[in-house]
Amino acid sequence: MEFRDLKFLIAIAEEGAISAAARRLHVSQPALSKTVSTLERQLGVKLLVRSNSGAWPTDAGAVLLTEARALLARHDQAILALNRFKVSENDLLRIGIPLELPPGLLASPLAWLAEAHPETQLQACHMSTSAQLDALRNRELDIGLLRERPGSSDLEAAQILKEDLGVLLSTEQAHALSDPNGIRLENLRGLDWVGFARSTSPGCYDELTATLRQHGVSVGPECPAGKSLIAEVKIAAVTGGKSFALAPPNWPHPVPDSVTWRPLIGHPLARRTWLAWTADTRRKEVKEFVAQFFGSP
């Protein structure tokens, strides 16, 4: 027995005839009669008395009608109660965020959003660039913060950040390889790069590894697909003195005494962050939010 069956039975009782109920429900009369007959077989009781002049409930039917009306009323009340917690798609701004995003980057745009659109709720999801691109195209994200520029016309993009990358090394290696201005990239030869999975951001990965190879630096074994290169992994990997990891100067994670960050001389490696959104979006707050990164009103 379904809610629909109960609604059909209530309509027949209120209209006094199956034909009138069928018109009200926008279903055929035979289909409605079949539904009632099926319900009677399932329950093992006769629910309606039918005649040429109309249809009315039996005693069993009257009992079911009373319970059905109460059940449907409670159902409607439950839906109304849940709807108070439901956020419509138009009141939700979904933003994809990569790992290691500078903490202050979003402060001003988010403050603007809270003031200009207090009814809009923010949903932030940590996602790789590849995952964000898929989500943007599937309309599961409104804005993405990517590590590479999307190469298709269905998305618009603007670069909002460029970070010159330095290296994380064991403190012993950092002292051995550094000069007063930092470390030359070629001095990292013999060490393996603790890198992220290429599948998470192919363009960024290829750009970084090409530069490393040009300087004779090993890229090391690739991180398995689906694994995130979190800060704790970087720290643990370089502590042994056989690897290095890349990080910007304002890396927002604590570094133990056994690990040292040093700049790369000449800034040969950089990490860029791009804002991306669907080119055909009609949401005013998406473009207004993007404009906050460039000082627009």
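In this chain, residues are counted from 1 in sequence order. Values below: all heavy atoms of this structure, side chains included; hydrogens, waters and symmetry mates excluded.
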Validation row: L177, L191 side chains within 4.5 angstrom (heavy atoms): yes
Smallest separation among heavy atoms of E285 and W112, with atom names: O-CH2, 4.1 Å
Cluster overlap L110 with I160, hydrophobic side-chain contacts below 4.5 Å: yes
Criterion side-chain contact (heavy atoms from CB on, under 4.5 Å) on C204 and F196, from CA distance to verdict: CA-CA 10 Å; C204 181; F196 54 90; 4.0 Å; yes
Side-chain heavy-atom pair E156, V290 within 4.5 angstrom cut-off: no
Validation row: F289, T120 side chains within 4.5 angstrom (heavy atoms): no
Joint hydrophobic cluster, I265 plus L168, side-chain heavy atoms closer than 4.5 Å: no
In one Ile/Leu/Val/Met/Phe/Trp/Tyr side-chain cluster, 4.5 Å: W261, I235: yes
Partner set under side chain to side chain donor-acceptor pair (under 3.5 Å) for R137, not counting sequence neighbours: S152, D154
Atom pair CG/CG of D59 and L64 - distance to nearest 0.5 Å: 12.5 Å
Common cluster, F294/L146, ILVMFWY with side-chain heavy-atom separation under 4.5 Å: no
Derivation of the side-chain contact (heavy atoms from CB on, under 4.5 Å) call for V45 and T58: CA-CA 9 Å; V45 294; T58 64; over 6 Å; no
Check against salt bridge (Lys or Arg N to Asp or Glu O under 4.0 Å), R139 and D280: CA-CA 11 Å; R139 312 288 177 166; D280 61 353; 2.9 Å; yes
Exercise: identify the closest heavy-atom pair between L246 and K234: O-NZ, 2.6 Å
Nearest non-hydrogen partners of R283 and L92, listed with the distance: NH1-O, 2.7 Å
Side-chain heavy atoms of D257 within contact of T171, under 4.5 Å: no
Approximate separation, where rounding is to 0.5 Å, of M127 CE and L141 CG: 5.0 Å
Donor-acceptor pair, side chain of R213 and main chain of V219, under 3.5 angstrom: no
Residue E140 excluded, over 12 heavy atoms near CD under 6.0 Å: yes
Of I183, V167, N187, L169, the residue whose pairing with S178 passes side chain to side chain contact (heavy atoms under 4.5 Å, CB included): I183
Inter-residue atom distance I143.CD1 - I97.CD1, 0.5 Å rounding: 10.5 Å
From CG (L161) to CZ (R272), nearest 0.5 Å: 10.5 Å
Whether Y205 and W193 hold their rings parallel, tilted or perpendicular, with breakpoints at 30° and 60°: tilted
Heavy-atom side-chain proximity of L165 to L208 below 4.5 angstrom: yes
Note, L133 side chain near S130 side chain (heavy atom, < 4.5 Å): no
Heavy-atom closest contact (N250 atom, E163 atom, distance): OD1-OE2, 3.7 Å
Set of residues satisfying side chain to side chain contact (heavy atoms under 4.5 Å, CB included) with respect to Q214, sequence neighbours excluded: none
Between S53 and S51, a side-chain donor and acceptor under 3.5 Å: yes
Verdict with supporting geometry, R23 and E15, salt bridge (Lys or Arg N to Asp or Glu O under 4.0 Å): CA-CA 10 Å; R23 289 192 296 271; E15 296 294 335; over 6 Å; no
Taking every non-hydrogen atom, the tightest pair across L25 and A11: CD1-CB, 3.8 Å
From CD1 (I12) to CG (L32), nearest 0.5 Å: 4.0 Å
Closest approach of T273 to L145 (non-hydrogen atoms, all atoms of both residues): CG2-CB, 4.2 Å
Side-chain (T129) to main-chain (R147) donor-acceptor, under 3.5 angstrom: yes
CA sep, side-chain torsions, deciding dist, call: T260, Q173, side-chain contact (heavy atoms from CB on, under 4.5 Å): CA-CA 9 Å; T260 297; Q173 283 282 14; over 6 Å; no
Heavy-atom donor-acceptor pair, Q292 side chain to E288 backbone, under 3.5 Å: yes
F8 vs L39, side-chain contact (heavy atoms from CB on, under 4.5 Å): CA-CA, chis, key distance, verdict: CA-CA 11 Å; F8 283 3; L39 187 58; over 6 Å; no
Beyond-backbone contact of L264 with D164, side-chain heavy atoms, under 4.5 angstrom: no
Expected output: side-chain T281 to main-chain T278 donor-acceptor under 3.5 Å: no
Positive for side-chain hydrogen bond (donor to acceptor under 3.5 Å, both in side chains) with S201, one of R271, Q132, E148: E148
4.5 Å side-chain heavy-atom contact, D5 and T38: no
Distance in Å, D142 CG paired with K287 NZ, rounded so as to fall on 0.5 Å steps: 13.0 Å
Hydrophobic cluster identity match, L101 and W274, side-chain contacts under 4.5 Å: no
